[in-house]
Amino acid sequence: MHNKIQNSHILITGGAGFIGSYVVEELLKSQPAKIVILDNLIRGSFDNMASFIQNPIVEFVGGDIRDTVLLEKCVTGVDYVFHMAALRINACAANPRDGFEVMLKATFDLAELCAKHRVKKVIYSSSASVYGLAQHFPTPETDNPYDNQTFYGGAKMWGEQLLRSFKFMYNLDYVALRYFNVYGARMDTDGKYTEVMIRWLDCIHEGKAPLIYGDGSTTMDFVYVRDVAKANIVALVSDVTDQAFNVGNCEETSLKQLLQAMLKVNNSALEPEYREENSINPVSRRLADNSKAKELLHFEPTVNIEEGLKELSQWYFKKKKTIALSI
Ligand SMILES: NC(=O)c1ccc[n+]([C@@H]2O[C@H](COP(=O)([O-])OP(=O)(O)OC[C@H]3O[C@@H](n4cnc5c(N)ncnc54)[C@H](O)[C@@H]3O)[C@@H](O)[C@H]2O)c1
């Protein structure tokens with residue numbers, strides 16, 4: 001039980017989303033007085049919230065963080081804020097003005113309201129995207145963000161800097177968490193920006209060759225969603241403030257290796273087919289150095305890639321079966 005959470009009032013923007021819903025589940029273990037979820041369900045869902053939506057401690061507010069009046073209502077009287085509502089990297093690129101309104105303007109409004117209402121701490125969902133293609137592997141937090149080319153990465157970096165300046169100006173405490181590639185049960189399965197893992201699981205299900213675009217050498221650092229939720233909890237309960245932390249699994253996995261692991265956990269002998277790269281990916285490598293989070297937050301990931309892929313596969317195939325039965 002974490003004493004800071006017990007009896008506290010907590011706001012989670014984007015709490016109906018993939019990671020946010022796990023943060024709610026983790027928080028509930030420590031008996032908060034109230035959790036308010038503000039989410040416009042552009043990507044989040046009631047399915048994600050199924051395990052807690054009936055819990056009287058949890059209040060779901062269906063609304064937009066761009067609605068400043070509503071945002072102030074949600075922030076008033078709150079002890080802690082997790083700011084997780086955001087657009088995906090591709091959505092920001094497709095519509096940068098929306099990206100500006102959600103990632104920058106609404107984040108500014110939120111920080112201002114948190115300072116005004118004396119929120120005790122903000123936990124900000126940042127991203128490894130701030131690094132663009134990093135200079136060092138494993139990548140420490142001290143790598144600079146000048147190589148980032150994306151609106152999303154720039155917006156996340158700005159969010160961190162905004163909170164730094166609010167700490168300096170208004171003494172608003174915060175921690176920023178730079179998640180690497182988060183995966184796990186409840187990840188998006190049918191949105192426009194569905195991840196490669198889900199497409200491969202579909203192939204395994206249908207016995208079709210999984211496709212790899214490019215030569216499969218691009219690497220990522222896949223961190224399981226429950227570990228990311230735990231990082232959020234320790235960031236809140238620790239006395240650390242005004243810091244950014246990497247949250248990765250500290251394992252570099254190429255797309256080829258990822259597919260091999262996925263085929264292995266599903267006992268599949270399918271062979272991949274390679275296709276020409278159809279999008280420009282400026283980031284060919286990701287590998288986190290988590291030592292700062294280990295030292296200051298005592299955070300360490302616990303789920304290895306095979307365990308994580310097994311859990312993801314079981315969840316996804318069960319979900320497919322349920323959908324098939326309901327048709
Ligand atoms: N998933 C990853 O690999 C990853 C990696 C790095 C950082 N992040 C960050 O972590 C956070 C959570 O990501 P996620 O993977 O759970 O994504 P997600 O899309 O599942 O969750 C985001 C939630 O925010 C909500 N939302 C979006 N715009 C909103 C708005 N204007 N008003 C209210 N709600 C809004 C969505 O409906 C969704 O439920 C985000 O800030 C994301 O940028 C995610």
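Here the structure is a predicted model, which is why all the values come from computation and not from measurement. Ligands are counted one by one from 1 in listed order, and the atoms in each one are counted from 1 as well. Along the sequence shown, residues are numbered consecutively beginning with 1. Side chains included, hydrogens not; waters and symmetry mates left out as well; all remaining heavy atoms used.
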Exercise for review: Between Asp98, Leu71, Asn40, flag the one that comes closest to atom 30 (C) of ligand 1 by a heavy atom.
Suggested key: Asn40
Check your understanding: Should the proximity of Met187 to ligand 1, defined as any heavy atom under 4.0 Å, be assigned to the side chain, the backbone, both, or neither?
Key ->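 Neither; nothing of Met187 gets under 4.0 Å from ligand 1.
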Check your understanding: Looking only at heavy atoms, is any part of Leu41 under 4.0 Å from ligand 1, and if so is it the side chain, the backbone, or both, or is it neither?
Key -> backbone
If we ignore hydrogens and angles and just use 3.5 Å, is the side chain of [X] paired with the main-chain N or O of [Y] as donor and acceptor?
{"X": "Ser254", "Y": "Thr219", "result": "no"}
{"X": "Asn48", "Y": "Ala16", "result": "yes"}
{"X": "Ser238", "Y": "Leu297", "result": "no"}
{"X": "Asp79", "Y": "His9", "result": "yes"}
{"X": "Lys264", "Y": "Glu306", "result": "no"}
{"X": "Asn246", "Y": "Asp289", "result": "yes"}

Counting both backbone and side chain atoms, is some N or O of [X] under 3.5 Å from an N or O of ligand 1?
{"X": "Val102", "result": "no"}
{"X": "Leu38", "result": "no"}
{"X": "Asn181", "result": "no"}
{"X": "Ile19", "result": "yes"}
{"X": "His83", "result": "no"}
{"X": "Leu87", "result": "no"}

Review point. Quick one: does Ser21 get within less than 4.0 Å of ligand 1, heavy atoms only?
Key: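 No heavy atom of Ser21 comes that close to ligand 1.
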Show me which atoms of ligand 1 lie under 4.0 Å from any heavy atom of [X].
{"X": "Ala85", "result": "24 (O), 26 (N), 34 (N), 35 (C)"}
{"X": "Ala16", "result": "39 (O)"}
{"X": "Ser125", "result": "10 (O), 11 (C), 41 (O)"}
{"X": "Ile42", "result": "26 (N), 27 (C), 28 (N), 36 (C), 37 (O)"}
{"X": "Gly63", "result": "32 (N), 33 (C)"}
{"X": "Gly17", "result": "20 (O), 21 (O), 38 (C), 39 (O)"}

Give me the residue, atom name and distance of the protein heavy atom closest to [atom].
{"atom": "atom 18 (P) of ligand 1", "answer": "Arg43 NE, 3.8 Å"}
{"atom": "atom 43 (O) of ligand 1", "answer": "Tyr152 OH, 2.6 Å"}
{"atom": "atom 15 (O) of ligand 1", "answer": "Arg88 NH1, 3.3 Å"}
{"atom": "atom 3 (O) of ligand 1", "answer": "Val182 N, 3.0 Å"}
{"atom": "atom 36 (C) of ligand 1", "answer": "Asp39 OD1, 3.4 Å"}
{"atom": "atom 7 (C) of ligand 1", "answer": "Ser126 O, 3.1 Å"}
{"atom": "atom 11 (C) of ligand 1", "answer": "Met84 O, 3.3 Å"}
{"atom": "atom 20 (O) of ligand 1", "answer": "Phe18 N, 2.9 Å"}

Check your understanding: Can you check salt bridge (charged side-chain N to carboxylate O under 4.0 Å, His left out) on Asp109 and Lys116, steps first, answer last?
Key -> CA-CA 10 Å; Asp109 291 338; Lys116 177 178 168 188; over 6 Å; no
Check your understanding: Can a donor-acceptor pair be found between the side chains of Tyr152 and Asn90 at a distance below 3.5 Å?
Key ->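 No.
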**Study point:** Which residues share a side chain to side chain contact (heavy atoms under 4.5 Å, CB included) with Arg66, sequence neighbours left out
**Key:**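 Result, side chain to side chain contact (heavy atoms under 4.5 Å, CB included) vs Arg66: Asn40, Asp64, Asp98, Glu101, Val102, Ala106.
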Review point. Does NZ or CZ of Lys230 come closer than 6.0 Å to the centre of the six-membered ring of Tyr224, within 45° of the ring's axis?
Key: no
**Study point:** Stacked cation flag Lys120 on Tyr80, 6.0 angstrom / 45 deg
**Key:**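 Verdict for Tyr80: a cation-pi partner in Lys120.
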Review point. Would you call the rings of Tyr131 and Phe180 parallel, tilted or perpendicular if under 30° counts as parallel and over 60° as perpendicular?
Key: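 Taking Phe180 first and then Tyr131, their aromatic rings sit tilted (interplane angle of 30° to 60°).
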Exercise for review: Could you tell me how the ring of Trp158 sits relative to the ring of Phe108: parallel (under 30°), tilted (30 to 60°) or perpendicular (over 60°)?
Suggested key: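 Trp158 vs Phe108 ring planes: tilted.
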Study note, to complete from the structure: Residues passing the side chain to side chain donor-acceptor pair (under 3.5 Å) test with Asn267, sequence neighbours excluded, are none
